[in-house]
Amino acid sequence: MVAAFTWGDFLFISLCLIASYFLLQFIQKLLENFKLFGRFQNRVRRTLHSISLIYELLVLLVLGGVFLLINPPFHGGILAVLLIGGFTHLRNYISGRIIQFDTSMTRGARLQTAGKQGIISSLDRLGLKLRMNKGLHFINYSQLMEEGYTLQSGEEVGGFYELKINAPFVEDRKDYSLALMDLLQTAPYIDGTYKPEIIVQNEHPNQMTARLLVKEENHLKDLLQLIEEWGYSCKIAKK
């Protein structure tokens, strides 16, 4: 009996799907740093975010199907063992895909669940890290769906801030955002668990929006003063 697929087919399909995945991630990263679609920017970002959530799951299903059809009896047994052994991880992964369709579920949002409250530091594939007063706390997605949760995005979110920053215009400076990011990484007041995000206005490359997390509330004033000492003008856009 001739196999429906060969290992060569599996390798070729894998390379195509993985390359497409990284291209999608690159475009998403590009849109985080540059405003390319004007007033449609947020809509495009939300659409690409939803596509990436579905695409990653689709890649796993396609590769799993091709792997199965190379040698159905033997590979079917392998997949069955992997599914049974990794059922908990698989459930957390799928729950995470569902939860992240909520566009309010982003880094920097305040989340409250089952007596725990803090700021989302990162959204991983099997769970999220919640920054609480006592440190980072990991919560898997299945637990989050079972216990329920409340999001407070865009309101008072502890030490999470969005700043409007203007750099002094310099003709030969090609990348204002890169220069600012280098400086922010040296600032002692920024919480390293959340990498600062910088969005540049295309028509005014020296005008930027920075989203960052400070270690303590009382560090904000010191951070603003430090940014101004670097030669930038800075004000709080929202908290």
Side-chain angles (χ1 to χ4, degrees), residues 5 9-69 79 82-83 86-111 113 119-130 138-146 148-154 157 160 162 177 181 194-202 208-213:
F5 290 95
D9 296 328
F10 181 80
L11 179 61
F12 176 74
I13 293 171
S14 298
L15 291 175
C16 290
L17 291 174
I18 292 172
S20 299
Y21 173 78
F22 280 112
L23 177 62
L24 183 59
Q25 295 299 308
F26 172 76
I27 295 173
Q28 285 185 280
K29 203 67 179 177
L30 192 66
L31 293 181
E32 287 180 4
N33 297 318
F34 300 98
K35 197 169 184 178
L36 303 177
F37 295 95
R39 61 191 180 93
F40 298 107
Q41 180 88 357
N42 289 335
R43 186 180 300 177
V44 173
R45 287 184 61 184
R46 285 195 297 268
T47 301
L48 287 177
H49 173 71
S50 298
I51 290 173
S52 68
L53 291 175
I54 298 173
Y55 186 79
E56 187 172 307
L57 185 58
L58 183 64
V59 167
L60 294 176
L61 290 174
V62 170
L63 292 182
V66 174
F67 178 76
L68 173 65
L69 293 174
L79 288 176
L82 291 175
L83 288 173
F87 176 75
T88 300
H89 294 316
L90 180 62
R91 186 177 63 172
N92 283 326
Y93 176 79
I94 294 176
S95 297
R97 301 296 96 182
I98 295 171
I99 287 175
Q100 289 181 60
F101 268 104
D102 182 352
T103 55
S104 298
M105 181 68 74
T106 59
R107 292 188 306 161
R110 180 184 290 278
L111 182 142
T113 178
I119 300 168
I120 299 175
S121 175
S122 68
L123 292 161
D124 302 324
R125 281 178 169 74
L126 302 181
L128 59 82
K129 291 186 179 72
L130 196 65
F138 181 81
I139 304 175
N140 66 59
Y141 291 123
S142 295
Q143 178 186 349
L144 203 60
M145 291 192 73
E146 291 171 2
Y149 60 90
T150 302
L151 284 171
Q152 299 173 355
S153 179
V157 187
F160 181 77
E162 186 171 293
S177 62
M181 180 64 78
Y194 180 95
K195 184 179 179 181
E197 298 178 24
I198 298 177
I199 300 173
V200 180
Q201 300 292 332
N202 285 342
M208 297 163 284
T209 299
R211 306 178 75 228
L212 47 83
L213 189 66

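Quick note: residue numbers are just sequence positions, from 1. No hydrogens, no waters, no symmetry mates; every other heavy atom, side chains included, goes into these values.
Taking NZ of K129 as the start and CG of L123 as the end, the distance is 10.0 Å to the nearest 0.5 Å. With rounding to the nearest 0.5 Å, the separation of CD in Q143 from CZ in R91 is 10.5 Å. Once rounded to the nearest 0.5 Å, the distance linking CD of Q28 with CG of L23 reads 10.5 Å. Rounding to the nearest 0.5 Å gives a distance of 13.0 Å between CG of D124 and OH of Y93. Distance check, rounded to the nearest 0.5 Å: CD1 of I199 to CD of E162 gives 7.0 Å.
In this structure the side chain of H49 never reaches within 4.5 angstrom of the side chain of T106, judged on heavy atoms. Counting heavy atoms from C-beta on, the side chains of Y141 and I98 never come closer than 4.5 Å. Inter-residue side-chain proximity for I54 and F101 is flagged as met; some heavy-atom pair is nearer than 4.5 Å.
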Working for side chain to side chain contact (heavy atoms under 4.5 Å, CB included), residues I120 and L130: CA-CA 5 Å; I120 299 175; L130 196 65; 4.2 Å; yes
Assess whether side chain to side chain contact (heavy atoms under 4.5 Å, CB included) is satisfied between M105 and L111, documenting all intermediate values. CA-CA 9 Å; M105 181 68 74; L111 182 142; 3.9 Å; yes
Task: Check against side chain to side chain contact (heavy atoms under 4.5 Å, CB included), Y149 and I139 - done: CA-CA 11 Å; Y149 60 90; I139 304 175; over 6 Å; no
| side chain to side chain contact (heavy atoms under 4.5 Å, CB included) assessment of L128 paired with I99 | CA-CA 11 Å; L128 59 82; I99 287 175; 5.9 Å; no
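Counted within 6.0 Å of CZ on F12, heavy atoms from surrounding residues, nucleotides or ligands total 12 or fewer; the atom is thus considered open.
In this structure, S177 and V200 approach most closely via the heavy-atom pair CB-CG2, 3.5 Å. Considering all non-hydrogen atoms of both residues, L212 and P196 come closest at CB-CB, 4.3 Å. The heavy-atom pair separating N92 from S142 by the smallest distance is OD1-OG, 2.7 Å.
For the residue pair Y55 and Q25, no side-chain donor N or O sits within less than 3.5 Å of a side-chain acceptor on the partner.
Side-chain atoms of N140 never come within 3.5 Å of backbone atoms of G127 as a donor-acceptor pair (strictly under, hydrogens ignored). Remark: side-chain polar atoms of Q41 are paired, donor with acceptor, to backbone N or O of L31 under 3.5 angstrom.
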